Amino acid sequence: MSIKYFLINWIIILFILFPIYSQTPQIKWWFDTKDASFGQSAAGDIDNDGKLEIVFGCYRNDSCVYALNAEDGSLLWKYNTHPFGAEGCNDVAPIIYDIDNDDTLEVIVPSSCNPKTFCFNGKTSAVKWQVSTRGSDSPPSIADVDNDRKPEILHGEFGGYVICINGENGTQSWEIPIDLDAWIQTAPTIVDLNNDEQLDFVVGTWNSTIPANNKVYAYHGNNQNILWSYTIGDVMYHGTAVADLDYDGKPELVIGSYNDTLYCINGDNGTTAWKYKFPNGYYIGAPATIADIDNDNECEVIFVDWHYVIALSNAGVYKWHYNIPNYEQAFRGVVASDVNNDDYLDIIFGTSGGEVIALNGNDGTLIWKINLALHYGNSNFGFDHAP
């Protein structure tokens with residue numbers, strides 16, 4: 001589980017001001033909240049002004065979902081998901097999507113301690129619908145899984161269920177038990193696993209009582225029949241990354257576990273493609289990222305194991321690693337983007353010690369780092385939020 005209790009977050013958007021390789025980013029703006037923001041923000045032009053907005057949720061002492069204007073950090077709107085003195089824990093990444101094809105983007109946010117999933121009009125924050133759930137730490141995924149030409153919203157729930165919500169009106173389409181001794185923390189991965197032109201979905205379990213029972217499960221999206229299960233033997237918090245890593249025309253799924261192993265699973269049949277264990281690792285709680293970081297026209301897999309950022313080839317062969325200073329962690333994983341304009345993707349992440357770090361994707365060397373705990377003036381400032 002993420003170490004939520006000591007993290008105090010601002011939402012800070014970092015920009016490179018000039019295309020100089022060693023240029024340290026400067027703070028463009030910041031926005032204060034009353035509690036931490038977990039998971040990840042979403043970005044989209046939700047008010048149709050031609051500029052991006054940044055949407056995120058905050059934890060129990062704040063209880064709000066925020067939409068900020070990305071150009072200057074000013075508030076577009078905020079909504080308290082539990083305004084009457086109780087807690088509204090909006091601790092998963094929101095998703096932005098036009099769920100009813102009216103050319104207006106909506107914002108979908110599941111909540112945990114207030115067990116509801118909300119759909120907001122992106123421009124006005126008006127609640128389009130809300131649906132009661134079992135509570136969720138699982139980010140939502142959206143696709144037309146039942147072939148009705150309308151999007152469905154899937155996310156995991158406490159108690160071991162996955163729920164499917166009709167996007168156009170917020171009614172529950174179905175809910176299925178995965179493991180009633182577990183929670184489903186992972187975001188469902190929605191993908192056609194076996195090339196039958198039917199979308200499937202994949203989730204992993206968080207069974208802390210009997211860790212050996214933890215599995216990755218794959219189901220048909222249209223009828224919820226199980227395709228396969230894959231035994232992991234320890235808990236999983238973040239969902240799978242997906243790509244055709246071996247170029248066989250079928251997707252592979254990559255997921256880490258608290259048993260310090262990164263698994264690559266053949267999506268069509270649930271067999272092992274490869275496994276990797278870093279010699280000095282401890283646990284893999286963060287999601288994996290798949291990207292071509294060395295311009296060899298093949299994907300690499302980048303993941304965080306304890307205080308190490310590690311890059312593997314598409315076949316699971318070690319390429320490089322970076323030791324995050326002071327045993328700090330990057331629990332929400334890394335993003336890949338060319339921040340120094342050298343035509344190679346770079347690796348960017350925030351740490352539990354309040355730093356934002358950029359690495360050269362080709363070899364893992366440091367490009368820059370900025371200490372935002374120092375800017376904040378509090379050594380307990382940290383990130384439990386992906387850039």
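Being a predicted model, the structure only gives us computed values, none of them experimental.
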Worksheet entry | Joint hydrophobic cluster, Val216 plus Trp183, side-chain heavy atoms closer than 4.5 Å | no
Worksheet item: Which atom names give the shortest non-hydrogen contact between His238 and Gly285, and what distance separates them?
Response: ND1-O, 2.6 Å
Worksheet item: Taking the side chain from Asn222 and the backbone from Gln198, do they hold a donor-acceptor pair closer than 3.5 Å?
Response: no
Worksheet item: Just by distance, do the side chain of His321 and the backbone of Tyr308 share a donor-acceptor pair under 3.5 Å?
Response: no
Item to complete: For Glu175, check salt bridge (charged side-chain N to carboxylate O under 4.0 Å, His left out) against everything at least two apart and list the hits.
Response: Arg134
Practice prompt. Would you kindly confirm whether Trp228 and Val191 end up in one hydrophobic cluster when ILVMFWY residues are joined by side chain heavy atoms under 4.5 Å apart?
Written response: yes
Discussion item. With clusters defined by side-chain heavy atoms of hydrophobic residues (ILVMFWY) lying less than 4.5 Å apart, directly or transitively, does Val339 cluster with Ile27?
Written reply: yes
Worksheet item: Going through the checks in order, is the side-chain hydrogen bond (donor to acceptor under 3.5 Å, both in side chains) test met by Ser37 and His385?
Response: CA-CA 7 Å; Ser37 180; His385 195 101; 3.3 Å; yes
Item to complete: Could you verify whether a donor N or O on one side chain and an acceptor N or O on the other, from Asn101 and Glu168, lie under 3.5 Å apart?
Response: no
Item to complete: Determine yes or no for a side-chain-to-main-chain donor-acceptor pair under 3.5 angstrom, with Thr33 supplying the side chain and Asp35 the backbone.
Response: yes
Worksheet item: Can you check whether Asn225 reaches His220 side chain to side chain, under 4.5 Å on heavy atoms?
Response: yes
Worksheet entry | Lys319: partners by salt bridge (charged side-chain N to carboxylate O under 4.0 Å, His left out), with sequence neighbours left out | Asp294
Discussion item. Could you work out, with salt bridge (charged side-chain N to carboxylate O under 4.0 Å, His left out) as the rule, every residue matching Asp268, not counting sequence neighbours?
Written reply: Lys250
Worksheet entry | Taking every non-hydrogen atom, the tightest pair across Pro139 and Gln185 | CD-O, 3.9 Å
Worksheet item: Could you go step by step and tell me if Asp179 and Thr205 meet the side-chain hydrogen bond (donor to acceptor under 3.5 Å, both in side chains) rule?
Response: CA-CA 7 Å; Asp179 177 355; Thr205 59; 4.6 Å; no
Worksheet item: Got a sec, which pairs hit side-chain hydrogen bond (donor to acceptor under 3.5 Å, both in side chains) with one end in residues 44-53, sequence neighbours left out?
Response: none
Fill in: Least distance between heavy atoms, Leu199 atom then Ala143 atom
CD1-CB, 3.8 Å
Discussion item. Could you go through Thr351 and Gln329, starting from their C-alpha distance and side-chain angles, then the distance that decides it, and tell me whether this counts as side chain to side chain contact (heavy atoms under 4.5 Å, CB included)?
Written reply: CA-CA 5 Å; Thr351 78; Gln329 301 168 52; over 6 Å; no
Worksheet item: Does anything in residues 296-307 pair up under side-chain hydrogen bond (donor to acceptor under 3.5 Å, both in side chains), and if so which pairs, sequence neighbours excluded?
Response: His307-Asn323
Fill in: SG atoms of Cys113 and Cys89 less than 2.5 angstrom apart
yes
Worksheet entry | Under 3.5 Å: donor-acceptor pair, side chain of Trp77, backbone of Gly122 | yes
Worksheet item: Do Thr365 and Tyr322 have side-chain heavy atoms sitting under 4.5 Å apart?
Response: no
Worksheet item: Under 3.5 Å, is there a donor-acceptor pair between the side chain of Trp368 and the main chain of Val356?
Response: no
Worksheet item: Do the non-hydrogen side-chain atoms of Asp148 and Glu152 ever get within less than 4.5 Å of each other?
Response: yes
Discussion item. Within this structure, what is the CD1-OG distance for the pair Ile184 and Ser138, rounded to the nearest 0.5 Å?
Written reply: 8.0 Å
Worksheet item: Where do Phe303 and Ile284 land on the side chain to side chain contact (heavy atoms under 4.5 Å, CB included) test, with the steps shown first?
Response: CA-CA 8 Å; Phe303 69 102; Ile284 304 172; 3.7 Å; yes
Discussion item. Check this for me: Asp103, atom CG, are more than 12 non-hydrogen atoms of other residues, nucleotides or ligands nearer than 6.0 Å?
Written reply: no
Worksheet item: Short question: side chain of Ser257, backbone of Val235 - any donor-acceptor pair under 3.5 Å?
Response: yes
Worksheet entry | Short side-chain to backbone donor-acceptor contact, Asn207 and Ile210, under 3.5 Å | yes
Discussion item. Tell me which one of Ile348, Ile347, Val309, Leu366 satisfies side-chain contact (heavy atoms from CB on, under 4.5 Å) with Ile357.
Written reply: Leu366
Fill in: Ring centers of Phe201, Trp174 separated by less than 6.0 Å
yes
Worksheet entry | Linked, directly or transitively: Val202 and Ile232 (ILVMFWY side chains, under 4.5 Å) | yes
Worksheet item: With side chains defined as the heavy atoms from C-beta onward, is the minimum distance between Val127 and Phe120 less than 4.5 Å?
Response: yes
Worksheet item: Does Phe158 belong to the same Ile/Leu/Val/Met/Phe/Trp/Tyr cluster as Phe118, with side-chain heavy atoms less than 4.5 Å apart forming each link?
Response: no
Discussion item. Looking at every non-hydrogen atom in both residues, tell me the closest pair between Asn166 and Ser173 and how far apart they are.
Written reply: OD1-CB, 3.7 Å
Worksheet item: Short question: side chain of Asn326, backbone of Glu328 - any donor-acceptor pair under 3.5 Å?
Response: no
Discussion item. Could you tell me if the side chain of Ile163 sits less than 4.5 Å from the side chain of Thr117, heavy atoms only?
Written reply: no
Discussion item. Between Asn371 (side chain only) and His375 (backbone N and O only), is there a donor and an acceptor less than 3.5 Å apart?
Written reply: no
Worksheet item: Got a second to check how far Asn114's CG is from Asn90's CG, nearest 0.5 Å?
Response: 8.0 Å
Worksheet item: Who are the side-chain hydrogen bond (donor to acceptor under 3.5 Å, both in side chains) partners of Tyr97, not counting sequence neighbours?
Response: none
Item to complete: Kindly give the heavy-atom pair with the smallest separation between Asp338 and Asp343, and that separation in Å.
Response: OD2-N, 3.0 Å
Worksheet item: Around atom OH of Tyr318, are there more than 12 heavy atoms of other residues, nucleotides or ligands at under 6.0 Å?
Response: yes
Worksheet item: How about Phe38 and Arg332: do any of their side-chain heavy atoms sit closer than 4.5 Å?
Response: yes
Practice prompt. Give a yes or no on whether the backbone of Val334 and the side-chain of Thr289 come within a donor-acceptor separation of less than 3.5 Å.
Written response: yes
Discussion item. Is there a side-chain contact between Ile324 and Glu355 in this structure, where contact means two heavy atoms from C-beta onward sitting under 4.5 Å apart?
Written reply: no
Worksheet entry | 4.5 Å side-chain heavy-atom contact, Trp320 and Leu359 | yes
Practice prompt. Specify the closest pair of heavy atoms between Cys264 and Glu252, including all atoms of both residues, with the distance to one decimal.
Written response: SG-CB, 3.7 Å
Item to complete: Could you go through the side chain to side chain contact (heavy atoms under 4.5 Å, CB included) check for Tyr283 and Tyr237 one step at a time?
Response: CA-CA 11 Å; Tyr283 80 105; Tyr237 192 86; over 6 Å; no
Discussion item. For a side chain to side chain contact (heavy atoms under 4.5 Å, CB included) check, start with the C-alpha distance between Leu262 and Ile310, then their side-chain angles and the critical distance, and finish with the verdict.
Written reply: CA-CA 11 Å; Leu262 189 75; Ile310 303 159; over 6 Å; no
